[in-house]
2 protein chains.
Amino acid sequence: MANPRYRQIAEVLREQIESGALQPGRQLRTEIELRERYGASRNTIRDAIKWLTTLGLVETKPGQGTFVVQKIDPFVTTLTAGPERPGGAAVVIPGQDGYGEIDRSQPVQPRKLTYTSPQIEIQKADRIVAGQLQLAEGSQVISRHQRRYIDGTPWSLQTSFYPRAFAVTGADRLVDADDIREGTVQYLADTLGLRQVGYRNWIKVRPPDVTEASFFGLPQDGRVGVFEILETAFDQTATPMRLTVTIFPTDRNQFIVNAGEVPADQFIREDLT
Amino acid sequence: MANPRYRQIAEVLREQIESGALQPGRQLRTEIELRERYGASRNTIRDAIKWLTTLGLVETKPGQGTFVVQKIDPFVTTLTAGPERPGGAAVVIPGQDGYGEIDRSQPVQPRKLTYTSPQIEIQKADRIVAGQLQLAEGSQVISRHQRRYIDGTPWSLQTSFYPRAFAVTGADRLVDADDIREGTVQYLADTLGLRQVGYRNWIKVRPPDVTEASFFGLPQDGRVGVFEILETAFDQTATPMRLTVTIFPTDRNQFIVNAGEVPADQFIREDLT
DNA sequence: GGGTATTTGTCCGTATGTATT
DNA sequence: AAATACATACGGACAAATACC
């Protein structure tokens with residue numbers, strides 16, 4: 001069985017999709033119809049469709065049918081936007097699939113960033129947090145967690161960690177469940193004299209956990225991964241002052257990293273932080 | 001059927017794996033044994049195992065059995081290492097899962113980067129290449145493609161594009177199927193006076209195509225994605241001089257991006273470019 | 001190299017449950 | 001309430017890959 005039946009059928013359907021004969025959003029024939037058309041059992045048809053779903057080409061909806069997936073207009077975030085930039089993402093430009101096929105005929109819609117008010121916890125630092133903040137494992141840290149949306153659609157989950165000491169030596173608003181409107185970078189400079197002079201981003205991709213999959217509306221089967229970005233910020237004494245962990249789904253996010261002298265990106269519209 | 005049978009069975013197995021009762025690399029019971037143990041049909045057992053596969057917890061090998069996956073010691077690449085840095089990755093530090101659990105008791109093994117000699121083609125620029133190099137679509141470009149390995153295991157696929165004109169105005173070694181030992185950055189500076197003053201990386205994640213899956217040994221079902229990194233390099237006149245597209249599997253690669261002043265990473269061992 | 005046992009992969013048919021329209 | 005479409009579950013048969021003697 002060099003090429004199993006279900007793969008052959010999937011291949012035919014794949015070509016129809018990629019050739020454009022089946023437009024994104026369009027419904028496929030039902031499993032029963034496909035069974036008759038290809039003379040295979042319904043289970044084999046289902047294997048073919050299941051294969052296409054793992055390839056990310058179609059999605060099935062109980063009671064409705066099977067549909068060609070819509071490509072998502074991606075969010076593009078610049079990770080290098082000056083050392084004083086607040087944690088997390090800096091600039092978001094409208095998607096356009098990242099390949100410069102910008103439609104300049106009509107003005108680009110600015111996107112609207114919203115977020116929940118921070119959820120504050122005092123936690124014991126686990127190995128990861130402790131390692132990045134150069135604290136002893138088990139030290140107390142302040143955790144500030146937010147869910148962030150762009151134009152109402154879930155965009156990212158962000159958690160920032162600070163040494164617990166910060167809140168008892170002058171920066172007590174870190175433990176308030178309110179936004180720090182001037183930005184935590186500015187606030188820590190004002191209260192503790194900590195200037196953020198640089199940061200390091202550590203980028204990895206992994207399958208989402210249950211919370212993440214449900215927040216982002218990802219398929220439960222872990223087919224779509226998430227970026228996990230650890231941003232460690234350093235003060236003027238080269239000591240880590242903050243760790244921010246941000247989660248982005250890979251299916252709707254891209255990142256830009258600039259080094260040296262790079263011409264400004266024409267499409268950048270708005271600083272959303 | 002709030003919680004289908006196969007998910008319940010998968011859940012039990014998942015707990016055994018994550019609790020450590022089933023060590024990585026260990027073999028699970030055979031489908032027949034599991035069928036008897038859980039009183040389900042073999043197909044239901046198979047559904048449970050398939051679920052664990054999409055979660056990335058186990059892998060099946062025909063004729064052998066089902067095994068708990070081994071975590072791969074990741075490669076970590078720094079994307080920001082000075083404007084003159086040659087295309088692609090700059091520095092690779094040994095894995096340690098990226099969370100600072102470095103074992104300092106024994107010296108870290110330096111890793112060995114090898115690569116195939118470049119495969120040269122003259123191509124017409126597609127929309128993507130033309131857009132990044134600011135050429136007309138269909139212009140001729142030089143394509144230099146390499147497969148790269150670390151310690152013998154497939155690490156990345158890299159293709160660099162240059163305007164065809166470069167090879168007829170002095171940089172003719174660009175079309176030789178030989179390494180340019182001093183590096184193409186240096187070579188283009190020497191021959192054409194083009195100084196690389198900066199570059200922009202565009203990072204996205206997508207499912208691998210067939211070529212990539214087979215080169216990296218990824219499962220054919222697209223469960224493991226690949227990073228696609230477009231690096232556009234600019235010369236002293238802010239004109240794009242090179243586009244390098246590099247593909248890395250997400251299951252064994254992580255990236256670091258530095259901005260501003262960041263303390264040197266203690267674990268960095270070797271510049272592999 | 002060949003043969004055999006073991007294990008997963010493919011394919012079929014059927015029945016019933018659940019979600020949506 | 002009824003019809004439609006996908007989801008789950010069972011049981012059976014044979015194929016293909018691997019390991020071992």
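The chains referred to below are lettered A, B, ... by the order of the sequence lines, with proteins before strands, and numbering in each begins at 1.
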For this session: Write down the distance between CZ (R5(A)) and P (dA16(D)), rounded to a whole number of angstrom.
Result: 15 Å
Exercise. What pairs meet the salt bridge (charged side-chain N to carboxylate O under 4.0 Å, His left out) rule with one or both residues in residues 113-126 of chain B, with sequence neighbours excluded?
Worked result: none
Problem set entry | Derivation of the side-chain contact (heavy atoms from CB on, under 4.5 Å) call for V68(B) and Q23(B) | CA-CA 7 Å; V68(B) 182; Q23(B) 294 289 323; over 6 Å; no
Problem set entry | Rounded distance in Å - OH (Y6(A)) to P (dC11(C)) | 7 Å
Exercise. Expressed in angstrom and rounded to an integer, what is the separation of N3(B) atom CG from dT8(D) atom P?
Worked result: 11 Å
Problem set entry | Those residues of residues 31-40 of chain A lying under 4.0 Å from DNA chain D by at least one heavy atom | E31(A)
Problem set entry | Enclosure of R29(B) CZ (heavy-atom neighbours >12, cutoff 6.0 Å) | no
For this session: Can you tell me the distance, in whole Å, between the CZ atom of R29(A) and the C1' atom of dT4(D)?
Result: 17 Å
Exercise. Got a sec, which residues hit side-chain contact (heavy atoms from CB on, under 4.5 Å) with K61(A), two or more places apart in sequence or on another chain?
Worked result: E59(A), Q64(A), F67(A)
Exercise. What do the steps show when you test D47(B) against I9(B) for side-chain contact (heavy atoms from CB on, under 4.5 Å), and what is the final call?
Worked result: CA-CA 9 Å; D47(B) 282 345; I9(B) 296 171; over 6 Å; no
Exercise. What about the rings of F248(A) and F75(A), do their centers lie closer together than 6.0 Å?
Worked result: no
For this session: Report yes if some heavy atom in the side chain of D179(A) is under 4.5 Å from a heavy atom in the side chain of Q146(A); otherwise report no.
Result: yes
For this session: Pull out every residue in residues 41-62 of chain B that has a heavy atom closer than 4.0 Å to any atom of DNA chain D, ordered by number, or say none.
Result: S41(B), R42(B), N43(B), T44(B), P62(B)
For this session: Begin with the C-alpha distance, continue with both residues' side-chain angles, and end with the deciding distance and a verdict on side-chain contact (heavy atoms from CB on, under 4.5 Å) for I229(B) and F255(B).
Result: CA-CA 11 Å; I229(B) 300 191; F255(B) 296 93; 3.7 Å; yes
List, with names and distances, any nitrogen or oxygen atoms from the protein found under 3.5 Å away from nitrogen or oxygen atoms belonging to nucleotides 1-6 of chain C.
none

Exercise. Is Q8(B) close to T44(B) at the side-chain level, that is, under 4.5 Å between some pair of heavy atoms?
Worked result: no
Seminar exercise, completed: The ring-ring contact (aromatic ring centres under 6.0 Å, His included) partners of Y38(B) (sequence neighbours excluded) come to none
Problem set entry | Note: R37(A)-E33(A) ion pair, threshold 4.0 Å (strictly below) | no
Seminar exercise, completed: Paired to dA1(D) by Watson-Crick or G-U wobble criteria (both distances under 3.5 Å) is none
